[in-house]
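All values below come from the heavy atoms of this structure, side chains included, with hydrogens, waters and symmetry mates left out.
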Protein chains: 2
Amino acid sequence: MLNKYSDIENCPIRNVLNHIGNKWSMLVLSILDEEGLLRFNEIHKAIGSISQKMLSTTLKRLESDGLVKRKVHPVIPPRVEYELTKRGKSLIPHIKNLVGWAVENFNDIKDSRLKFERLS
Amino acid sequence: MLNKYSDIENCPIRNVLNHIGNKWSMLVLSILDEEGLLRFNEIHKAIGSISQKMLSTTLKRLESDGLVKRKVHPVIPPRVEYELTKRGKSLIPHIKNLVGWAVENFNDIKDSRLKFERLS
DNA sequence: CAGAATCCTCCAAGATACTG
DNA sequence: CAGTATCTTGGAGGATTCTG
């Protein structure tokens with residue numbers, strides 16, 4: 001370990017992103033927070049642009065981290081429902097704060113980007 | 001726009017991740033917050049494992065978003081210093097909250113993962 | 001309905017070498 | 001010292017097909 005920032009396995013900053021910093025995780029968590037209990041296809045329709053494979057992968061990762069609970073009803077056709085766990089719910093406020101910051105600052109950031117491009 | 005979650009350009013959730021959800025941005029922001037004004041090579045050494053190219057790319061993106069200020073001193077050899085802007089500083093508390101959550105929950109998450117793997 | 005399996009594309013990220 | 005300029009690659013993500 002070179003220093004306190006370079007230890008990938010145990011650096012909390014790095015680990016945050018490896019858990020929820022991928023393309024779909026925060027979006028799925030936010031939807032489950034807003035909509036509550038949802039079936040696979042309901043989440044699928046809510047996002048619209050996600051593929052079945054990526055939704056499946058994302059849900060599996062969130063389930064393995066204990067952020068989402070998967071309930072299988074043994075009926076035909078299958079009925080599988082997803083909802084946030086207690087741990088998942090505890091993450092929601094932080095996501096909302098981040099989203100709130102992004103909403104507040106997005107226009108200014110877009111302006112900064114335009115200025116930056118004109119100077120390049 | 002299919003619904004409120006699927007509009008990639010204007011969805012704040014998606015935009016948060018596109019800005020700071022890449023591999024190095026949050027780490028660089030955190031280091032600049034803790035260490036204050038730093039030269040290019042000082043950041044490079046602080047992280048250790050990042051390549052010059054990725055550090056350059058990351059700093060440029062943060063600068064273009066107005067999160068980091070770049071000061072060039074016209075001397076030889078070159079001296080370039082980086083520090084957080086006001087906007088960059090306003091993001092720090094949210095990052096810290098997220099990191100705090102990750103630190104608190106990381107052991108439990110690792111346990112969940114092990115259990116999940118044993119059942120698969 | 002809820003996915004698994006397969007194949008494919010593309011780009012973030014890395015390695016290396018060079019420079020004002 | 002503080003970067004570019006190229007080249008390369010692993011793997012996230014996507015498209016399509018199949019199934020209990």
Side-chain angles (χ1 to χ4, degrees), chain A residues 2 5-6 8 11 13-14 17-28 31-32 37-65 68-83 116 119-120, chain B residues 2 5-6 8 11 13-28 31-32 37-65 68-83 116 119-120:
Chain A
L2 291 172
Y5 300 117
S6 58
I8 295 177
C11 173
I13 303 175
R14 299 292 295 275
L17 293 186
N18 289 338
H19 292 166
I20 61 163
N22 54 67
K23 189 167 182 181
W24 301 107
S25 289
M26 277 181 61
L27 186 57
V28 168
I31 290 174
L32 286 176
L37 192 74
L38 287 180
R39 300 179 65 169
F40 185 88
N41 267 358
E42 290 173 333
I43 307 175
H44 194 205
K45 284 176 198 160
I47 300 182
S49 51
I50 194 173
S51 68
Q52 280 187 327
K53 177 192 157 193
M54 285 315 299
L55 179 55
S56 175
T57 302
T58 301
L59 285 168
K60 210 174 287 176
R61 183 164 41 215
L62 294 174
E63 189 197 356
S64 87
D65 283 7
V68 160
K69 195 183 329 179
R70 182 173 181 268
K71 287 199 223 169
V72 183
H73 301 264
V75 295
I76 294 177
R79 177 180 194 89
V80 180
E81 293 169 322
Y82 295 89
E83 63 179 339
F116 191 79
L119 299 176
S120 302
Chain B
L2 291 172
Y5 300 116
S6 58
I8 295 177
C11 173
I13 303 174
R14 299 293 295 274
N15 274 311
V16 174
L17 292 187
N18 289 338
H19 292 168
I20 60 162
N22 54 66
K23 188 166 182 180
W24 300 109
S25 289
M26 277 181 63
L27 186 57
V28 169
I31 290 175
L32 286 176
L37 192 72
L38 287 181
R39 299 179 66 168
F40 185 89
N41 267 357
E42 290 173 334
I43 306 175
H44 194 205
K45 284 175 199 161
I47 300 183
S49 53
I50 193 173
S51 68
Q52 278 187 326
K53 179 194 156 192
M54 285 315 298
L55 180 55
S56 176
T57 302
T58 300
L59 285 168
K60 210 174 286 175
R61 183 165 41 216
L62 293 175
E63 189 196 356
S64 87
D65 283 7
V68 159
K69 195 183 331 178
R70 181 173 182 268
K71 288 200 223 169
V72 182
H73 301 264
V75 295
I76 295 177
R79 177 181 194 88
V80 181
E81 293 169 323
Y82 295 89
E83 62 179 340
F116 190 80
L119 299 176
S120 301

Compile the donor-acceptor pairs under 3.5 Å between side chains in residues 55-62 of chain A and protein atoms, sequence neighbours left out, one pair per line.
| from | atom 1 | to | atom 2 | distance (Å) |
| --- | --- | --- | --- | --- |
| T57(A) | OG1 | K53(A) | O | 2.8 |
| T58(A) | OG1 | M54(A) | O | 2.7 |

5' to 3', nucleotides 14-20 of chain D under a 4.0 Å protein heavy-atom cut-off (B base, S sugar-phosphate only, - none) gives BB----B

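Between K71(B) atom NZ and dA2(D) atom P the separation is 14 Å, expressed in whole Å. Taking atom NE2 on H44(B) and atom P on dC1(D), their separation rounds to 12 Å, with Å as the unit. In this structure, NZ of K60(A) is placed 14 Å from P of dA12(D), rounded to the nearest angstrom. In this structure, CG of N41(B) is placed 7 Å from C1' of dA2(D), rounded to the nearest angstrom.
Between E42(B) and L37(B) the shortest heavy-atom distance is OE1-O, 4.3 Å. Among all heavy-atom pairs drawn from R70(B) and Y82(B), the shortest one is NE-OH, 3.2 Å. Scanning both residues, I20(B) and M26(B), for their nearest heavy atoms gives O-CG, 3.6 Å.
Heavy-atom neighbours of L119(A) CG from other residues, nucleotides or ligands within 6.0 Å: above the threshold of 12.
Look at T57(A) and you won't find any side-chain N or O under 4.0 angstrom from OP1 or OP2 of dG13(D). Under 4.0 angstrom from either OP1 or OP2 of dG3(D) there lies at least one side-chain N or O belonging to Y82(B). Phosphate proximity of dG3(D) to R70(B): present, with a side-chain N or O under 4.0 Å from OP1 or OP2.
In summary, K71(B) and E81(B) do not engage in a salt bridge, as defined by a charged side-chain N under 4.0 Å from a carboxylate O.
With sequence neighbours excluded, no residue forms a side-chain hydrogen bond (donor to acceptor under 3.5 Å, both in side chains) with S64(A). Scored by the ring pair (Phe, Tyr, Trp, His ring centres under 6.0 Å) test, H44(B) finds no partners at all (sequence neighbours excluded).
Taking the screw axis at each terminus of the helix from dC1(C)-dG20(D) to dG20(C)-dC1(D) from five consecutive base pairs, the angle between the two is 50° to within rounding of 10 degrees.
Atoms CD1 and CG, from I43(A) and L32(A) in turn, are 4.5 Å apart once rounded to the nearest 0.5 Å. If you take CH2 on W24(B) and CD1 on I47(B), they are separated by 6.0 Å, rounding to the nearest 0.5 Å.
For DNA chain C, the outermost nucleotides in 5' to 3' order that have an atom under 4.0 Å from a heavy atom of chain A are dC1(C) to dT6(C).
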